[in-house]
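Taking it in order: structure first as structure tokens, then the write-up.
Scope of the values below: all heavy atoms of this structure, side chains included, with no hydrogens, waters or symmetry mates. All values derive from a computational prediction rather than experimental measurement.
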Amino acid sequence: MRLERTKARDGNSIRLPLSQQHLGDALGLSSVHVSRTLTTFREEGLILRSRQRIELPDPAALAREAEFGDAYLNDGIDHFFNH
């Protein structure tokens, strides 16, 4: 959602030049947990990974899996990026 609003997204694909260790460090998770989660998401068809890119074939399905709600994103960000 953030990438879409900031126009940083290329379709359903994003550039993510971070290792699993870096992702884990940023999220407060072990690299093993990040690896297992990404593997599960890949096996379920929720993400496709290729080097420094991640594609989300069905963003809505991933949002449902993560129980993601975007209400918190509606507090002024549109004003910031549209001016």
Anything under 3.5 Å between a donor and an acceptor, one on a side chain of residues 37-44, the other on a protein residue two or more places apart or in another chain? List them.
unit_1: Thr37; atom_1: OG1; unit_2: His33; atom_2: O; d: 2.9
unit_1: Thr39; atom_1: OG1; unit_2: Ser35; atom_2: O; d: 2.9
unit_1: Thr40; atom_1: OG1; unit_2: Arg36; atom_2: O; d: 2.9

All heavy atoms of Ile47 vs all of Leu62, minimum pair found to be CG2-CD2, 4.3 Å
Taking only residues two or more places apart in sequence, or in another chain, which ones meet Glu65 in a side-chain hydrogen bond (donor to acceptor under 3.5 Å, both in side chains)?
none
Closest approach of Pro17 to Gln52 (non-hydrogen atoms, all atoms of both residues)
CB-OE1, 3.5 Å
For Ala60, side-chain contact (heavy atoms from CB on, under 4.5 Å) partners two or more places apart
Asp58, Arg64
Path from Leu46 to Leu48 over hydrophobic side-chain contacts below 4.5 Å
no
Smallest separation among heavy atoms of Pro57 and Glu55, with atom names
CD-O, 3.2 Å
Which residues pass the side-chain contact (heavy atoms from CB on, under 4.5 Å) test with Leu16, not counting sequence neighbours?
Leu18, Leu23, Ile54
For Asp25, side-chain hydrogen bond (donor to acceptor under 3.5 Å, both in side chains) partners two or more places apart
Gln21
